[in-house]
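Here is the structure we will look at.
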Amino acid sequence: MKTQILIAALFFGGLITAQQKKDSLKVNAIDAVTLKKQVFKKQGDRLVYDVASSSIAKGTNTFNLLKQTPMISSIDGKTLKILGKNDAVIYINNKKTNMDAEALIEMLKSTPSEDIQKIEVITVPGSEFQVESKEGVINIVMKKSKNNGYNGTLKMQNEQAYYNNPNAGASFNFRQGKWSGNSNFRTGSWTDRQRYTLSNGDSTFKNESFGFNDDPNKNFGGGFNIDYEINKKHSLGFSYNMRYNKSFNSVLDITNLQNGVLNNRTVNNEDAQTRNHSFNLNYEMKTDSLGSKLTSNVSYLWFNRDKVSFNESFPLTNDTINKYSALHQAVPQIINNYAANIDYLKKTAKGATWLMGISYNHTNTDNDTRQDKLKNGEFVIDPNQTNHFIYKENILGIYLNYERKLTEKISGKIGARYEMTRSTGDIVDKTGFERNYNNLLPYLNLNYAINPDHNLSYTFSSRIRRPRFWELNPSRTYFTPTNYTQNNPFILASKYYNQELNYMYKNAFYANLSFNMVEDAAASDLIPLQGTVTAPQKDAQGKIIKDSEGNPIMETTRFLRYIRTNYGKNREIALTLGMNKSWFKDIWTTNYSVNLGYITYKGGVFEDPTAMPAPGETEVIDPYIIDVKNYNMSVTINNVIRLSSKKDWFLGVNYFFASQTAMEAGMIGARQSFDFSLKKIAGDWTIVAEVSDLFNQSFYRVKGVQPNGKFNNITNFNYPRLMSIGVTYNFGNQKLKKAREMKSANDAVKSRT
């Protein structure tokens with residue numbers, strides 16, 4: 001009850017203040033009119049947050065600035081959500097970023113907020129954006145100036161969670177005549193600590209597992225971009241980005257019980273390295289004085305992840321079934337992507353805009369998985385789990401958009417994207433498939449500016465979601481010998497249909513109503529499949545044990561297999577009510593939102609398409625039925641309070657709450673997070689001290705119960721409380737202009753690595 005009262009007090013306190021301020025205007029004479037730039041406003045298909053006009057943009061970093069942006073939230077400090085549910089794709093100056101997720105977040109945390117002009121939130125992107133499913137776009141627009149010179153940023157930060165995690169970064173920008181460029185470098189180390197509690201079974205059987213995972217990481221990354229303005233109409237650019245991550249001596253230690261009795265202990269030791277290199281060459285030609293232009297670019301992306309592990313299972317009882325077992329596993333993945341695109345933007349004298357383009361992506365993934373099992377004291381190849389999977393994919397996209405202002409109050413944008421996908425998957429010497437499909441993806445946006453205080457818009461879009469490349473690799477990751485995750489090369493692309501109605505009042509208060517439909521839906525998380533394997537019993541030397549009549553003695557083992565697969569369809573309707581406003585001459589800045597949702601999942605998984613039983617084995621899968629209906633809500637409350645008249649001390653007080661929410665694998669428990677920050681600005685220096693999730697309440701737990709009584713429960717406590725202190729130093733001319741901004745041809749592929 002106290003939590004509900006606190007939410008109500010914080011959320012409606014701002015509304016009450018607004019009403020008091022409005023009433024006071026009725027009795028006070030108007031002595032002068034002050035023109036103030038709008039900080040938050042609706043423009044066409046996007047909501048624009050002009051942070052350069054906001055008091056909170058001083059002395060922080062871009063990631064924290066995004067968390068303060070209307071419609072954007074983050075509960076874990078590692079991901080960004082739009083409207084509390086949609087994944088966010090980051091663009092910088094209309095160019096999609098080239099980095100993997102972890103590198104991107106580190107880059108955002110090391111970019112000073114003073115460099116940001118505005119943030120555009122596109123909840124339903126148009127046909128020109130290379131996004132999937134119901135992803136939204138966050139476009140970060142940097143400040144521009146024609147001044148020559150250079151600037152840079154140095155940053156050091158230390159974070160304390162379960163372990164201490166230091167990191168540092170530097171960036172450098174320059175502009176001289178026709179040349180401009182930027183570079184950055186980041187390095188750091190962190191160790192993730194997670195504690196697991198797993199249980200599954202039914203009324204007659206219960207399996208429990210508990211343990212921990214320590215995952216140490218060291219990484220460095222960086223890149224550079226060079227642009228050359230050949231003349232006023234022609235420009236050329238080249239960019240390169242890289243990241244290296246090393247995770248050696250990662251340990252997963254799990255103890256297992258069956259029906260309350262200790263059974264065995266499994267220890268998994270893992271070494272992994274990830275390398276990512278991307279190159280882009282681009283060209284731009286301006287074709288007239290209205291802003292029309294032709295852009296083209298070619299890109300190459302190389303991704304390599306090597307992972308090897310040693311899994312041992314130790315018996316804790318003296319029975320003959322649970323014997324010591326061990327396996328070696330190597331799961332490498334290499335991705336090569338070649339891409340190119342040409343866009344032509346045509347602006348007419350009457351104010352209309354045409355955008356047409358064509359893109360091509362060719363991707364080749366190579367996954368040579370090897371698994372060796374311990375037999376008779378020696379490691380031998382397990383043919384069932386050793387496979388060489390090669391996946392090739394070709395995507396040709398053609399898109400066309402038309403945008404114009406129909407009347408003084410009504411504007412619109414209509415477009416379509418046609419994609420042809422040709423792909424083949426080959427598990428060498430075992431099986432393969434060929435999957436070809438075409439998709440027409442229409443888009444429509446209508447915007448009605450009723451008057452200066454009221455704006456209404458409607459958007460429709462359709463998208464597909466292709467499986468991530470690592471999801472296709474048919475490899476296993478083991479918790480125990482009978483509890484593991486299983487990737488699936490036979491996942492189908494899912495089809496998404498997204499609709500949205502948005503209303504904004506006085507560029508401060510907004511309501512967003514959305515409806516999403518998904519066909520051939522794939523689980524947002526893993527589907528827990530329970531079942532049994534019946535196989536001949538073997539002795540310590542691996543020989544089949546037979547009875548007196550010479551027949552093999554069969555034994556049955558239960559398993560829990562978390563699998564990625566399609567299951568059916570889902571529907572979701574959501575309403576977001578929000579406010580972004582400053583009070584008392586920008587002393588107090590508020591960003592509040594409430595998300596209300598209703599979601600249904602319908603379908604089931606009745607077989608395992610990845611199952612490959614060994615000769616003599618029989619596998620039985622318990623059907624997994626999905627028939628879920630769920631109401632849910634979340635609340636985001638962000639406050640920034642200026643503590644001094646010199647604008648050099650700031651206090652941040654944030655709160656996030658999410659009710660229990662359904663997904664295909666069960667019900668996610670309620671989560672909440674209290675965050676506090678204190679910021680001091682001293683000239684070019686900024687010092688920030690933060691505490692995230694003070695009460696350790698944002699961890700993940702799920703409970704799943706099937707109609708037949710089978711259950712699967714997971715608790716993953718990742719020690720979410722985080723204390724950090726960071727020091728940032730900005731030097732040089734802080735007002736530089738990039739020669740231009742370009743998109744990368746292989747943008748659509750990077751999120752799938």
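All heavy atoms count here, side chains included; hydrogens, waters and symmetry mates do not.
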- Item | Closest non-hydrogen atom pair, Y496 against S494 | CE1-CB, 3.8 Å

- Note on the structure: The salt bridge (charged side-chain N to carboxylate O under 4.0 Å, His left out) partner of E132 among R465, R463, R466 is R466

- Query: A416 and S127: which non-hydrogen atoms are nearest, and at how many Å?
  - Reply: N-OG, 3.3 Å

- Message: Can you confirm whether the side chains of Q194 and N716 place a donor and an acceptor under 3.5 Å from each other?
- Response: yes

- When you look at CD of Q660, are more than 12 heavy atoms from neighbouring residues, nucleotides or ligands closer to it than 6.0 Å? no

- Give the intermediate values and the outcome of side chain to side chain contact (heavy atoms under 4.5 Å, CB included) for residues L65 and I140. CA-CA 11 Å; L65 192 61; I140 302 169; over 6 Å; no

- Task: Report the relative orientation of the aromatic rings in Y505 and H454; use parallel for angles under 30°, tilted for 30 to 60°, perpendicular for over 60°.
- Result: tilted

- Message: Other residues, nucleotides and ligands only: do more than 12 of their heavy atoms fall within 6.0 Å of OH on Y598?
- Response: yes

- In Å and rounded to the nearest 0.5 Å, what is the CG to CH2 distance from N639 to W583? 11.5 Å

- Message: Any side-chain to backbone donor/acceptor pair from D693 onto Q697? Under 3.5 Å, distance only.
- Response: yes

- Flag for D192-Y719: side-chain donor and acceptor within less than 3.5 Å: no

- Min side-chain heavy-atom separation F129-V89 under 4.5 Å: no

- For N512 and T576, indicate whether the former's side chain and the latter's backbone hold a donor-acceptor pair under 3.5 Å. no

- Flag the pair V124 / D45 as yes when at least one side-chain heavy-atom distance between them is below 4.5 Å, and no otherwise. no

- Item | Side-chain H-bond candidate by donor/acceptor type, D675 with S673, under 3.5 Å | yes

- Assess the side chains of S634 and N595: does a donor N or O sit below 3.5 Å from an acceptor N or O? yes

- Looking at residues at least two apart in the chain, or sitting in another chain, which of them share a ring pair (Phe, Tyr, Trp, His ring centres under 6.0 Å) with Y196? F479

- Does I599 reach the side chain of T661, with side-chain heavy atoms less than 4.5 Å apart? no

- Task: Start with the C-alpha distance between I119 and T62, add both sets of side-chain angles, then the distance that settles side chain to side chain contact (heavy atoms under 4.5 Å, CB included), and finish with yes or no.
- Result: CA-CA 10 Å; I119 297 171; T62 301; 5.8 Å; no

- Just by distance, do the side chain of R721 and the backbone of L694 share a donor-acceptor pair under 3.5 Å? yes

- Side-chain donor/acceptor of S659 to backbone N/O of M633, under 3.5 Å: yes

- Got a sec, which residues hit side chain to side chain donor-acceptor pair (under 3.5 Å) with D520, two or more places apart in sequence or on another chain? K495

- Message: Working note: D627 + K602, criterion side chain to side chain contact (heavy atoms under 4.5 Å, CB included); need CA distance, chi angles, decisive distance, verdict.
- Response: CA-CA 5 Å; D627 189 4; K602 189 75 173 180; 3.3 Å; yes

- Apply side chain to side chain donor-acceptor pair (under 3.5 Å) to N139 and list each qualifying residue two or more places apart in sequence or on a separate chain. N94, E120

- Message: Contact between I687 and L678 at the side-chain level, heavy atoms closer than 4.5 Å - yes or no?
- Response: no

- Which atom names give the shortest non-hydrogen contact between S724 and Q157, and what distance separates them? OG-NE2, 3.7 Å

- Classify the side-chain pair E128/Y399 by whether it contains a donor and acceptor separated by less than 3.5 Å. no

- Note: E500-K134 ion pair, threshold 4.0 Å (strictly below): no

- Closest approach of Y458 and L501, non-hydrogen atoms and distance? CB-CD1, 4.2 Å

- Item | N580 side chain near N507 side chain, heavy-atom distance below 4.5 Å | no

- Note on the structure: Output for pair (R642 CZ, T589 OG1), nearest 0.5 Å, gives 8.5 Å

- Give a yes or no on whether a salt bridge exists between K67 and E690, defined as a side-chain N under 4.0 angstrom from a carboxylate O. no

- Query: Are the side chains of N401 and K413 in touch, meaning some heavy atoms are under 4.5 Å apart?
  - Reply: yes

- Task: Taking the side chain as every heavy atom from C-beta outward, state whether Y510 and K42 have any pair of such atoms under 4.5 Å apart.
- Result: no

- Query: So how far is it from S171 OG to N730 CG, rounded to the nearest 0.5 Å?
  - Reply: 8.0 Å

- Query: Could you give the distance from OH (Y448) to NZ (K409), rounded to the nearest 0.5 Å?
  - Reply: 5.0 Å

- Message: Once rounded to the nearest 0.5 Å, what's the spacing between atom CD1 of I527 and atom CZ of R564?
- Response: 11.0 Å

- E519 bridged to R571 by N-O distance under 4.0 Å: yes

- Message: Test your reading of the model: is there a side-chain donor-acceptor pair from R701 to the backbone of A670, 3.5 Å cut-off?
- Response: yes

- Message: Under a 3.5 Å distance rule, please check whether S74 uses its side chain to pair with a backbone N or O of T79 as donor and acceptor.
- Response: yes

- If you take all heavy atoms of G412 and L446, which pair is closest and at what distance? CA-CD2, 4.2 Å

- Note on the structure: Between the CE atom in M517 and the CD atom in Q499, the distance rounded to the nearest 0.5 Å is 8.5 Å

- Item | Passing candidate, ring-ring contact (aromatic ring centres under 6.0 Å, His included) with F695, options Y655, F656, F674 | F674

- Do Y443 and T459 come close enough that some side-chain heavy atom pair is under 4.5 Å? yes

- Task: Dump the intermediate steps for side chain to side chain contact (heavy atoms under 4.5 Å, CB included) on V688 and T728, then the final yes or no.
- Result: CA-CA 9 Å; V688 180; T728 302; over 6 Å; no

- Exercise: identify the closest heavy-atom pair between N591 and Q68: ND2-O, 2.8 Å

